[in-house]
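Step one of this worksheet: look at the structure below.
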Amino acid sequence: MDTMQGLKRTKYCGQFTPEDIGKEVVACGWVQKTRDLGNLVFIDLRDRSGILQLAFDDATPRDAHEKAGAARAEFVLMAKGIIRRRESVNKEIATGEIELYVSDLRILAKSHTPPFEITDHTNVKEELRLKYRYLDLRRGEMQKALMMRHKIVKLARDYYDENGFVEVETPILIKSTPEGARDYLVPSRVHPGSFFALPQSPQLYKQLLMLSGYDRYMQVARCFRDEDLRADRQPEFTQIDIEMSFVDEEDVMTINEGFMVKAFKEGLGIDVKAPFPRMPYKEAMDRFGSDKPDTRFGMELTDLSDILKNCEFKVFQGALETGSIRAINAKGAASQLTRKEIDKLVDFVKTYQAKGLAFTRLTEDGESSSFEKFLTEDEMHAIRERMGAETGDVILVVADGNSQTVYDSLGALRCELAKRLGLIQKGTFNFLWVTKFPLFEYSEEDGRYAAKHHPFTHPAMEDLDKLESDPGACNARAYDMVLNGCEVGGGSIRINDLELQQRMFKALGFDEATAYERFGFLLDAFKYGAPPHGGMAYGLDRLVMLMLEKDSIRDVIAFPKVQNASELMTQCPAEVDEKSLRELSIKIDIAQKE
RNA sequence: GGCCUGGUAGUUCAGUUGGUUAGAACGCUAGCCUGUCACGCUAGAGGUCGUGGGUUCGAGCCCCAUCCAGGUCGCCA
């Protein structure tokens with residue numbers, strides 16, 4: 001193996017230009033590809049900036065020529081030579097007009113044949129990519145993603161700094177609070193039987209920082225939730241977390257719109273228009289069946305309940321007793337949505353608890369419908385009219401005794417259809433704020449109300465007196481930033497009043513002792529002058545994923561976990577030795593499988 | 001915890017109603033080759049068909065169980 005002795009890299013491979021022609025330079029990198037034509041050898045040398053072609057011929061010193069012939073993919077090379085113009089130009093790469101005519105070649109490291117080829121557009125199984133993540137991360141596509149991520153973080157720090165925000169680090173080892181997601185727990189050696197939790201977010205600490213007078217806080221914060229994974233959900237993830245004092249909802253939304261404008265302008269060169277539209281939660285549900293509507297396409301929900309209130313169809317009648325009937329119109333999709341395709345859509349909505357999917361297809365040959373025979377011609381006509389139906393359309397109807405099921409299934413179906421019918425234009429970024437969320441959500445499992453956002457969210461001013469009498473009707477001073485149907489951030493104005501916070505805990509079913517045991521430090525703090533405050537947190541991973549139009553958050557995280565929350569490369573989590581467990585006073589008791 | 005999809009050479013895949021020696025492309029190895037850049041030509045190596053059972057004269061293919069990966073519902077204050 002050779003050393004770098006006596007050589008110093010001139011610059012990155014991709015940075016050489018025709019201006020360097022005639023200069024003696026040194027380049028380093030990995031072998032992307034060798035083309036050995038006999039006496040004439042070419043090597044594509046790759047680093048994070050791009051590719052530079054190395055050239056060798058019969059006038060090349062023998063030692064360098066032999067090493068060039070021996071070089072294989074992913075060898076690490078250092079090459080000294082003269083930059084010269086190529087005899088034939090490669091227009092595909094930035095350095096395509098030039099090459100490095102090598103006089104001294106060093107093989108700094110050899111490489112086994114990699115388990116997959118290091119190329120941008122790979123279709124290798126993700127499982128393999130993750131096992132050899134260090135090789136996967138060599139691919140230009142991954143490097144681009146991680147560099148974009150770096151850029152967004154830097155833009156965030158710059159932007160919030162320019163606006164008077166102070167970055168403060170909050171603890172990673174904190175007190176467990178059983179509200180919300182499952183905590184990751186860390187045993188304490190010094191306090192046998194006691195545990196720290198990893199933070200699900202820095203929520204309470206940032207509120208306390210407001211109380212301490214820092215006025216504007218931000219942090220690039222790692223957060224942890226021990227819940228099942230999804231394409232856009234990892235057990236550890238990063239938030240851009242902010243909090244501000246003496247503000248209302250509009251103040252928080254405005255400053256954060258400014259960050260999005262900057263991030264998209266400087267990150268992608270795209271102009272995003274602010275202010276973003278504001279849409280109350282109820283409107284989002286009624287029009288899109290979702291609290292994070294994708295507004296890049298239409299196909300909005302339409303309520304048919306009133307038209308069908310006297311109809312003879314038992315399925316519809318049954319639904320109307322406690323729920324509703326709503327529909328979407330897949331414009332001009334009749335030719336694509338055959339009976340067979342619609343059957344698949346029926347299965348699709350069933351995953352959202354819908355009991356079925358009624359439809360009517362308006363084709364050239366007439367109407368074929370799953371419910372026409374149960375309705376009068378007047379009712380059918382009224383439906384067609386309200387849906388704006390024309391020949392070629394397909395109307396898809398969900399009726400359910402639980403309106404939430406109608407929203408969930410149609411909202412999801414709307415997005416699924418948009419994908420299948422190609423209604424979404426690439427490169428479109430539609431932002432909006434969803435506001436006026438309900439304060440509570442009834443939990444069937446626990447038989448009580450739970451906070452929809454979190455228990456520190458300020459109720460809407462006009463609902464303050466309903467907190468005890470009608471909690472289900474209370475709205476929250478909460479807002480979510482939605483981009484292309486994804487929640488990229490969310491926040492609220494917080495409670496800063498001891499009495500109101502105590503009422504809130506009571507509404508959530510905590511008695512005073514429990515509230516003090518869990519959040520006593522916060523309640524005590526409120527006794528010492530807490531300013532009005534509010535903030536929000538962005539999911540950095542999701543934001544970068546959306547900006548780069550990736551399908552999975554894993555493509556913008558260097559070392560992600562897989563679906564069972566383990567890491568394929570290091571094989572963690574893993575068992576630890578007896579001694580470590582003894583020090584922690586921990587005994588393992590895994591239930592034996594039958 | 002439920003449902004759906006996938007697992008065959010290093011990689012991506014094909015593999016007929018269950019039937020002879022499981023194929024292709026790329027990659028890899030060796031040889032030849034002076035302007036390649038998807039280099040070309042010639043030859044070659046490479047397979048516990050995820051794993052364990054079962055059915056059968058015979059299983060990559062059928063059945064059962066199980067593991068791994070992906071998607072998703074529940075879950076994610």
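Sequence lines set the chain letters: A, B, ... in the order given, protein chains first and strands last, and positions in each chain run from 1. Quick caveat: nothing in here was measured; it's all calculated off a predicted structure. Note: hydrogens, waters and symmetry copies are ignored here, and every other heavy atom, side chains too, is used.
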Hey, what are the protein-to-nucleotides 35-37 of chain B N/O distances that come in under 3.5 Å?
residue, atom, partner, partner atom, Å
B:rG35, O6, A:Arg84, NH2, 2.8
B:rG35, N1, A:Glu99, OE2, 3.0
B:rG35, N2, A:Glu99, OE1, 2.7
B:rG35, N2, A:Glu99, OE2, 3.4
B:rU36, O2, A:Arg35, NE, 2.6
B:rU36, O2, A:Arg35, NH2, 3.3
B:rU36, N3, A:Gln53, OE1, 2.9
B:rU36, N3, A:Gln53, NE2, 3.2
B:rU36, O4, A:Gln53, NE2, 2.9
B:rC37, O4', A:Arg35, NE, 3.0
B:rC37, O2, A:Arg86, NH1, 3.0
B:rC37, O2, A:Asn90, ND2, 3.0
B:rC37, N3, A:Arg86, NH1, 2.9
B:rC37, N4, A:Ser88, O, 2.7
B:rC37, N4, A:Ser88, OG, 2.8

Strictly under 3.5 Å: I want the nitrogen or oxygen pairs between protein and nucleotides 24-29 of chain B, one per line.
residue, atom, partner, partner atom, Å
B:rU29, OP1, A:Arg72, NE, 3.0

I'd like a list of close polar pairs between nucleotides 75-77 of chain B and the protein, N/O only, cut-off under 3.5 Å.
residue, atom, partner, partner atom, Å
B:rC75, O2', A:Glu227, OE1, 2.7
B:rC75, O2, A:Arg233, NH2, 3.0
B:rC75, N3, A:Arg233, NH1, 3.3
B:rC75, N3, A:Arg233, NH2, 2.9
B:rC75, N4, A:Arg233, NH1, 3.4
B:rC76, O2, A:Arg233, NE, 3.4
B:rC76, O2, A:Arg233, NH1, 2.8
B:rC76, N3, A:Arg233, NH1, 3.1
B:rA77, OP2, A:Arg225, NH1, 3.4
B:rA77, O4', A:Gly180, N, 3.1
B:rA77, O3', A:Ala451, O, 2.5
B:rA77, O2', A:Ala451, O, 2.6
B:rA77, O2', A:Lys452, O, 3.4
B:rA77, O2', A:His453, O, 2.2
B:rA77, N3, A:His453, O, 3.4

Could you write out each protein N or O paired with an N or O of nucleotides 43-48 of chain B at a distance under 3.5 Å?
none

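The nearest whole Å value for the distance from the CG atom in A:Asp232 to the C1' atom in B:rG71 is 12 Å. A:Leu345 has its CG atom 15 Å from the C1' atom of B:rC4, to the nearest Å. One atom, CD of A:Gln234, and another, C1' of B:rG70, lie 13 Å apart when rounded to the nearest Å. Atom OH in A:Tyr132 sits roughly 11 Å away from atom P in B:rG10 (whole-Å rounding). For the pair A:Gln563 CD and B:rC73 P, the computed distance is 11 Å after rounding to whole Å. Rounded to a whole Å, the CZ atom of A:Phe116 is 18 Å from the C1' atom of B:rA9. Atoms CD (A:Gln32) and C1' (B:rC39) sit 15 Å apart, rounded to a whole Å. Protein atom NZ of A:Lys131 is 15 Å distant from nucleotide atom P of B:rG70, rounded to whole Å.
In this model, a donor atom of one side chain and an acceptor atom of the other lie less than 3.5 Å apart for A:Asp57 and A:Tyr101. Side chains of A:Gln203 and A:Gln207: a donor on one and an acceptor on the other come within 3.5 Å. In the model, A:Asp241 has a side-chain atom that pairs as donor or acceptor with a side-chain atom of A:Tyr217 under 3.5 Å. Looking only at atom types and distance, the side chain of A:Asp36 has no donor-acceptor partner in the side chain of A:Thr34 under 3.5 Å away. Inspection of the A:Arg326 and A:Tyr407 side chains reveals an N or O donor paired with an N or O acceptor under 3.5 Å. With 3.5 Å as the limit, one finds a donor-acceptor pair spanning the side chains of A:Asp408 and A:Gln404.
When each of A:Arg86, A:Lys33, A:Gln32 is tested with A:Gln53 by the rule side-chain contact (heavy atoms from CB on, under 4.5 Å), just one qualifies, namely A:Arg86.
Nucleotides B:rA45 and B:rA9, compared at atom C1', are 11 Å apart to the nearest Å. Comparing the P positions of B:rG19 and B:rC13 gives a spacing of 24 Å, expressed to the nearest Å. Here, B:rU12 and B:rC28 have their P atoms 16 Å apart, quoted to the whole Å. Between B:rC33 and B:rA43, the distance separating the two C1' atoms is 15 Å to the nearest Å. Remark: the separation of the C1' atoms in B:rG60 and B:rA77 is 49 Å, to the nearest Å. Rounded to whole Å, the P atom of B:rG2 lies 10 Å from the corresponding atom of B:rU66. The P atoms of B:rC67 and B:rU29 are separated by 39 Å, rounded to the nearest whole Å. Separating the C1' atom of B:rC61 from that of B:rG18 is a span of 7 Å, rounded to the nearest Å.
A:Asn564 comes within contact range of the sugar-phosphate backbone alone, with a heavy-atom separation under 4.0 Å but no base atom that close. Within the 4.0 angstrom heavy-atom criterion, only backbone atoms of the sugar-phosphate kind lie near A:Leu128; the bases stay farther away. Counting any heavy atom pair closer than 4.0 Å across all strands shown, A:Arg554 reaches sugar-phosphate atoms only and no base atom.
In terms of polar N and O atoms assigned as donor or acceptor, the side chain of A:Glu127 never comes within less than 3.5 Å of the base of B:rG7 in a complementary pairing.
The nearest pair of heavy atoms linking A:Asp183 to A:Thr177 is OD2-N, 3.3 Å. Shown here for A:Ile51 and A:Arg46, the closest heavy-atom pair between the two residues is CG1-CB, 4.1 Å. Looking at every heavy atom in both residues, A:Tyr12 comes nearest to A:Ser49 through CB-OG, 3.1 Å. Heavy-atom minimum distance, A:Arg494 versus A:Lys206: NH2-NZ, 3.4 Å.
As the counterpart of B:rG35, no nucleotide is assigned, since no Watson-Crick or G-U wobble pattern has both distances under 3.5 Å.
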Stepwise ring-ring contact (aromatic ring centres under 6.0 Å, His included) check, A:Phe456 with A:Phe519:
CA-CA 11 Å; A:Phe456 317 105; A:Phe519 303 112; 5.3 Å; yes
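Side-chain atoms of A:Asp47 never come within 3.5 Å of backbone atoms of A:Gly29 as a donor-acceptor pair (strictly under, hydrogens ignored). Checked by atom type and distance alone, the side chain of A:Arg72 never pairs as donor or acceptor with a backbone atom of A:His112 at under 3.5 Å.
In terms of position on RNA chain B, the residue among A:Gln353 and A:Lys561 whose nearest nucleotide sits closer to the 5' end is A:Lys561.
Between A:Asp120 and A:Arg139 no salt bridge is recorded (no basic side-chain N to carboxylate O distance below 4.0 Å).
Remark: A:Ser552 pairs with no residue by the side-chain hydrogen bond (donor to acceptor under 3.5 Å, both in side chains) rule, at least two apart or across chains.
OP1 or OP2 of B:rU12 has at least one side-chain nitrogen or oxygen of A:Lys125 nearer than 4.0 Å.
Taking the centre and axis of the six-membered ring of A:Phe510, the NZ or CZ atom of A:Arg518 falls inside the cone set by 45° and 6.0 Å.
Contacts of residues 404-423 of chain A with RNA chain B (heavy atom under 4.0 Å): none.
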